[in-house]
Amino acid sequence: MQLGLVGLGKMGFNMRERLRRAGHDVVGFDRNPDVSDAASLADLVSKLDGPRTVWIMVPAGGPTRQTVEELGELLSEGDLVIEGGNSRFTDDQEHAKFLADKGIGYIDCGVSGGVWGLENGYGLMVGGEKSFVDRAMPIFDSLRPEGPREEGFAHAGAVGAGHFSKMVHNGIEYGLMQAYAEGFELLDASKVVTDVPSVIKAWQRGTVVRSWLLDLLVRALDSDPELDDLRGYVEDSGEGRWTIEEAINLAVPAPVISAALFARFASRQEDSPAMRAVAALRNQFGGHAVHKSGS
């Protein structure tokens with residue numbers, strides 16, 4: 001199958017390579033000319049035979065919206081756009097309507113796999129009309145991990161369902177990472193455990209907490225046993241916030257994911273105003289000692 005791929009960053013670059021290894025004809029475009037196969041979006045479209053399929057892998061929000069709008073002016077009726085970034089599902093519905101008015105199809109695809117996807121494959125969650133999904137299935141089958149399709153690919157529902165599913169996936173990821181992180185800190189603080197990395201490594205087989213995330217933590221500890229080379233400052237890319245917003249909208253309790261997101265916020269505070277207020281209150285009502293600023 002022939003595919004245009006817009007955005008050749010950490011994931012897009014490897015996706016192009018995986019698809020080419022599977023025999024697909026992939027024309028990639030990126031603002032970095034060193035990795036791009038086309039000089040512009042218009043040039044990319046001109047290199048594709050109709051009906052065209054173009055996959056977008058650029059940052060969510062403005063960059064994705066701009067790319068969709070530009071492709072809407074360049075593509076023709078009967079073409080198909082697949083949006084594979086981490087867009088909010090409500091944006092997908094707007095993109096699909098904009099393109100549908102021009103006779104262009106739209107699929108949203110949540111993609112999981114990170115930098116390891118080239119060799120391991122990508123978990124895919126898609127939303128859109130079945131006819132469009134079926135048309136792009138050769139691409140999905142080449143990107144997903146080997147094995148049964150249903151264990152690495154889901155047609156989750158209508159437009160927006162793919163990114164909604166990926167949003168929840170990433171919210172769960174927040175909670176899992178936070179649990180491993182708190183376990184690491186508790187082990188590290190213990191006076192009886194003297195080899196924390198070996199304990200965590202021993203969880204990799206036979207235990208109920210084994211996972212790929214655990215394997216990645218072991219890998220990190222192998223290179224830096226105390227994780228001293230890192231600062232405990234953690235960003236969030238948006239999906240965790242959206243997950244909690246939707247949990248509120250749907251009245252679904254999500255305390256673990258919420259706590260994990262708030263822990264990331266706390267990681268960015270060198271001196272917490274909230275905890276200064278707690279210290280002041282303890283001093284006021286109980287005369288408890290406080291640590292003065294700068295001491």
Side-chain angles (χ1 to χ4, degrees), residues 1-30 35-58 64 67-68 70-85 87 92 95-96 99-100 102-113 116-159 161-163 165-166:
M1 184 171 171
Q2 189 182 52
L3 180 74
L5 181 58
V6 182
L8 301 172
K10 292 179 181 178
M11 289 186 68
F13 186 90
N14 284 345
M15 289 169 62
R16 177 177 64 175
E17 178 61 23
R18 185 174 175 88
L19 289 169
R20 285 177 172 173
R21 290 180 185 180
H24 298 286
D25 175 15
V26 184
V27 180
F29 168 68
D30 193 271
V35 299
S36 188
D37 306 312
S40 64
L41 271 182
D43 187 38
L44 176 141
V45 170
S46 72
K47 294 176 183 293
L48 301 176
D49 301 324
R52 308 172 186 87
T53 300
V54 179
W55 187 307
I56 302 172
M57 285 297 291
V58 302
T64 293
T67 304
V68 168
E70 190 171 347
L71 284 173
E73 300 304 320
L74 294 169
L75 296 174
S76 304
E77 184 174 349
D79 291 345
L80 175 64
V81 169
I82 303 172
E83 207 286 90
S87 291
D92 291 311
H95 297 158
L99 293 174
K102 301 174 179 293
I104 301 168
Y106 183 88
I107 294 173
D108 60 288
C109 182
V111 183
S112 180
W116 300 88
L118 173 59
E119 301 300 334
N120 297 342
Y122 302 88
L124 306 173
M125 299 142 269
V126 307
E129 292 182 17
K130 185 178 184 302
S131 61
F132 295 145
V133 175
D134 289 346
R135 173 173 154 185
M137 193 59 72
I139 296 296
F140 296 140
D141 276 340
S142 296
L143 287 173
R144 67 175 176 82
E146 294 182 6
R149 179 185 287 167
E150 62 270 18
E151 293 181 6
F153 171 88
H155 182 189
V159 167
H163 281 145
S165 301
K166 179 58 164 38

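All residue numbers in this chain count up from 1 along the given sequence.
- In this structure, Asp37 pairs ionically with Arg16, as a charged nitrogen and a carboxylate oxygen lie closer than 4.0 Å.
- The closest donor-acceptor contact from the side chain of Gln2 to the backbone of Gly4 lies at 3.5 Å or more, if one exists at all.
- The distance from the CZ atom of Arg21 to the CG atom of Leu118 is 4.0 Å, given to the nearest 0.5 Å.
- Distance check: Asn14 CG to Leu143 CG gives 11.0 Å after rounding to the nearest 0.5 Å.
- Distance check, rounded to the nearest 0.5 Å: NE2 of His163 to CG of Asp92 gives 5.0 Å.
- Judged purely by atom type and a 3.5 angstrom limit, Arg52 uses its side chain to pair as donor or acceptor with the backbone of Val45.
- Side-chain N or O atoms of His155 include one that pairs as donor or acceptor with a backbone N or O of Gly128 at under 3.5 Å.
- Taking every heavy atom of both residues into account, Ala96 and Val159 meet most closely at CB-CG1, 3.8 Å.
- Residue Leu124 holds its CG atom at 12.0 Å from OG of Ser165, rounded to the nearest 0.5 Å.
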Query - Step-by-step side-chain contact (heavy atoms from CB on, under 4.5 Å) determination, Val111 to Lys166 - result: CA-CA 7 Å; Val111 183; Lys166 179 58 164 38; 5.6 Å; no
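- Residue Glu150 places its CD atom among more than 12 non-hydrogen atoms of other residues, nucleotides or ligands, all under 6.0 Å distant.
- Smallest separation of non-hydrogen atoms from Leu41 and Val6: CD2-CG2, 3.5 Å.
- Rounding to the nearest 0.5 Å gives a distance of 6.5 Å between CD1 of Ile56 and OH of Tyr106.
- The shortest heavy-atom contact between Gly78 and Pro51 is O-CB, 3.5 Å.
- Between Lys102 and Glu73 there is a salt bridge, with a side-chain nitrogen of the basic residue lying less than 4.0 Å from a carboxylate oxygen of the acidic one.
- Panel note: side chain Arg20, backbone Val26; a donor-acceptor pair is recorded below 3.5 Å.
- Residue Ser87 comes nearest to Thr64 through the heavy atom pair OG-CG2, 3.8 Å, listed as atom of the first residue, atom of the second, then distance.
- When each of Leu74, Leu48, Leu5, Asp79 is checked for a side chain to side chain contact (heavy atoms under 4.5 Å, CB included) with Val54, only Leu48 meets the rule.
- Taking CG of Leu44 as the start and CG of Leu3 as the end, the distance is 8.5 Å to the nearest 0.5 Å.
- Taking every heavy atom of both residues into account, Phe140 and Cys109 meet most closely at CE2-SG, 4.2 Å.
- At distances below 3.5 Å, at least one donor-acceptor pair connects side-chain atoms of Arg18 with backbone N or O atoms of Arg144.
- In terms of heavy atoms, Gly152 sits closest to Pro145 at CA-CD, 4.1 Å.
- Contacts of Glu77 classified as side-chain contact (heavy atoms from CB on, under 4.5 Å), with partners at least two apart in sequence or in another chain: none.
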